[in-house]
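See structure below.
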Amino acid sequence: MAGNPDTLKQQRPWYNLILHLHPRKVKDETLRLSLSFGLGGMAALLIVIQVFTGLLLKFHYVPSPDGAYDSIITITESLFFGKLAHNIHHWSAILLIWITFLHMLRTFFTGAYRRPRHTTWIFGIILMIIVVLSNFTGYLLPWDQLSYWAVTISTSLLQYIPLIGNGINEALIGGQEVGAATLSNFFNLHTGVIPVILILLMAHHFWRIRKAGGLIVPEASKETTMVNTQPHLISREFVVALVLIAVLLVVSIIFDAPLRERANPSFSPNPAKAPWYFMGLQELLIHFHPFVTIVIIPLIILTGSLYLPYIKLNDSNYGIWFLSPEGRKAGKYAALSAGLFTVIFIVSSELLPDPETIFPEIPSLITTGLIPFIIVSGSIYIFMRSLQKKLTINRSEYIQSILIILVASYTVLSFVGILFRGEGMNLVWPWQI
Ligand code: HEM
Ligand code: HEM
């Protein structure tokens, strides 16, 4: 009988392979595209593409300051399909950050961080960090002006971590400044250590998803019917994979990965910017003391996301994006207000005199660190209280609105950092950069 798992198992050996990843039957409800948007599967496919193209690039890439840049030129100009492999590796890396981040948001908004999926969520956070590290270590490898200075700026930020910051920075870059040892460290991390960790974590992730009984579904559809994985799930995964590969191919054929002039350690471009995913942090550094930006804020966000599954919630927000129309409204208010507040904050911090110069006798950790931090977190608290009074939202909608505030603010900060900061990191219009 077509589609019968037992018959398929005997007739087609590939079906055995699929059974390592999927159960024989899945809940009908989990096939709905608007539940998961296929984002987790896309992230997994992008990692496979990264490993495959990365291994091809590794045949010709030379991890030394003298050879790296020239080897990229050889790969892109002289090798059969070298340019395509390089472009795919570049665009797929960027797409991976986006897709993983969106997948994280989708699991968050559908409440998939709660028991029994808490381990999947916690290890997911680690996966997100590893994906960013994978991108960051790859960023240096082309060894052009862009990559050299972006890595110099980003690694120097580590020094603001008290006691251990300098040690971590020196161990990572292999000395006092970015050079041959850094390239060698980043190359080994990028092509050896990180891919292994990533693959192990992914295997663990898939195992936990299966242990939790598949994807989260709304309470109302708990009794949904079960359907055969083949063809119902496999055909859908196949379509999502084909579309993703097609988009990636078209983008990689049309747009070349950027490559600037060869890295020159004695000439810093102005402005020198961090990689795009750290630009929100670099922008925040203009307004806040480095200790608050590099240590306090990331630590609060990390602790909050790891603690999230253990917060007691009083609703059944499983598998649905927002519980009520009120929750949706709260989300919209939160996004709009956070975006607007961040713009006003950036502009007023540009126009108002620097607190450090007004109160030179007070340590800058207080004037540009603690005081603005207390003002911003106090404003968020007051805003959330008034939102709670205005709209009857429950605890999980309250948490969702806080995340929306953080994401909206980081998005505005990143846009301003990328598009509106010119020479000396001064505010300019995008066409003046
Ligand atoms: C999730 C996995 C990976 C991510 C996110 C990633 C990301 C990146 C990025 C952003 C670059 C810089 C490309 C550019 O801007 O032009 C790069 C370069 C590179 N990566 Fe990866 N990579 C991954 C896996 C791998 C693996 C598994 C290998 C090899 C075993 C590898 C080998 C290389 C090599 C040799 C380069 C330098 C050549 C080039 O820039 O095209 N990568 N990677
Ligand atoms: C390399 C990155 C990742 C890969 C390859 C990956 C892969 C997957 C896949 C294939 C699924 C099932 C299908 C789906 O939900 O789309 C899934 C589910 C899940 N992932 Fe990820 N994931 C990654 C990162 C993350 C991150 C960053 C988080 C959160 C911090 C996360 C948390 C979860 C959770 C909680 C589920 C269960 C969802 C549910 O039961 O509905 N994952 N992941």
Side-chain angles (χ1 to χ4, degrees), residues 21-22 30 33 35-63 68-69 71-72 75-76 82-83 85-97 99-108 110-114 116-144 146-147 150 186-187 190-192 194-199 201-203 205-206 208-210 212-217 233 237 240 256-259 275 305-306 308-309 318-319:
L21 287 174
H22 293 303
T30 57
L33 192 64
L35 177 70
S36 70
F37 293 101
L39 291 165
M42 287 193 221
L45 177 62
L46 286 172
I47 288 175
V48 173
I49 293 174
Q50 284 307 86
V51 171
F52 180 67
T53 48
L55 285 173
L56 291 180
L57 293 167
K58 207 178 166 193
F59 277 103
H60 289 274
Y61 178 77
V62 181
Y69 188 79
S71 70
I72 300 278
I75 289 171
T76 52
K83 184 179 252 180
H86 175 71
N87 288 352
I88 293 178
H89 200 74
H90 175 84
W91 296 117
S92 157
I94 292 177
L95 203 58
L96 179 63
I97 293 209
I99 298 275
T100 312
F101 183 66
L102 291 177
H103 169 64
M104 186 171 111
L105 290 186
R106 122 52 202 155
T107 55
F108 173 80
T110 51
Y113 53 84
R114 296 163 162 201
R117 294 174 175 78
H118 55 298
T119 334
T120 324
W121 168 264
I122 289 170
F123 277 87
I125 299 286
I126 302 173
L127 264 170
M128 184 79 235
I129 295 171
I130 301 289
V131 163
V132 172
L133 282 182
S134 183
N135 257 280
F136 182 59
T137 49
Y139 206 92
L140 181 68
L141 303 188
W143 203 252
D144 63 351
L146 193 71
S147 67
F186 274 45
F187 177 73
H190 185 75
T191 63
I194 291 178
V196 171
I197 298 178
L198 209 49
I199 289 166
L201 283 176
M202 253 164 67
H205 203 61
F206 295 162
R208 292 305 312 181
I209 294 162
R210 218 162 145 173
L215 300 197
I216 195 159
V217 290
L233 175 59
E237 287 183 339
V240 170
D256 284 344
L259 186 69
S305 23
L306 294 178
L308 191 62
Y318 301 115

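Source: prediction; values computed, not measured. Atoms within each ligand, like the ligands themselves, are counted from 1 in listed order.
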So, does Thr107 use its side chain to make a donor-acceptor pair with the main chain of Met104 at under 3.5 Å? yes
Just jot down the ligand 1 atoms closer than 4.0 angstrom to any heavy atom of Ala93, in number order. 5 (C), 7 (C), 10 (C)
Given Ile125, Asn135, Ile197, the one that forms side-chain contact (heavy atoms from CB on, under 4.5 Å) with Ile130: Ile197
Minimum heavy-atom distance between Ala257 and Trp91, given as atom pair plus value: N-NE1, 4.3 Å
Quick check: closest heavy atoms across Pro258 and His90, and the distance to 0.1 Å? CD-NE2, 3.3 Å
Checking side-chain contact (heavy atoms from CB on, under 4.5 Å) against His86, which of Leu259, Thr53, Leu56, Leu57 comes through? Leu57
With heavy atoms of Pro195 as the reference, note each atom of ligand 1 found under 4.0 Å away. 27 (C)
Examine Phe186 together with Phe136 and report whether their ring centres are nearer than 6.0 Å. yes
Mind checking whether Phe108 and Trp121 have parallel, tilted or perpendicular rings, split at 30° and 60°? tilted
Ligand 1 atoms nearer than 4.0 angstrom to some heavy atom of Tyr61 are 35 (C), 37 (C), 38 (C)
List, pair by pair, the atoms of ligand 2 and of the protein that are both N or O and lie under 3.5 Å apart, giving the separation rounded to 0.1 Å.
| from | atom 1 | to | atom 2 | distance (Å) |
| --- | --- | --- | --- | --- |
| ligand 2 | 15 (O) | Arg106 | NH2 | 2.6 |
| ligand 2 | 16 (O) | Gly40 | N | 3.0 |
| ligand 2 | 20 (N) | His103 | NE2 | 2.9 |
| ligand 2 | 20 (N) | His205 | NE2 | 2.8 |
| ligand 2 | 22 (N) | His103 | NE2 | 3.0 |
| ligand 2 | 22 (N) | His205 | NE2 | 2.9 |
| ligand 2 | 40 (O) | Arg117 | NE | 2.6 |
| ligand 2 | 40 (O) | Ile216 | N | 3.1 |
| ligand 2 | 41 (O) | Arg106 | NH1 | 3.2 |
| ligand 2 | 41 (O) | Arg106 | NH2 | 3.0 |
| ligand 2 | 41 (O) | Ile216 | N | 3.0 |
| ligand 2 | 42 (N) | His103 | NE2 | 3.0 |
| ligand 2 | 42 (N) | His205 | NE2 | 2.9 |
| ligand 2 | 43 (N) | His103 | NE2 | 2.9 |
| ligand 2 | 43 (N) | His205 | NE2 | 2.9 |

Between Leu141 and ligand 1, which residue portion shows a heavy-atom distance shorter than 4.0 Å: side chain, backbone, both, or neither? side chain
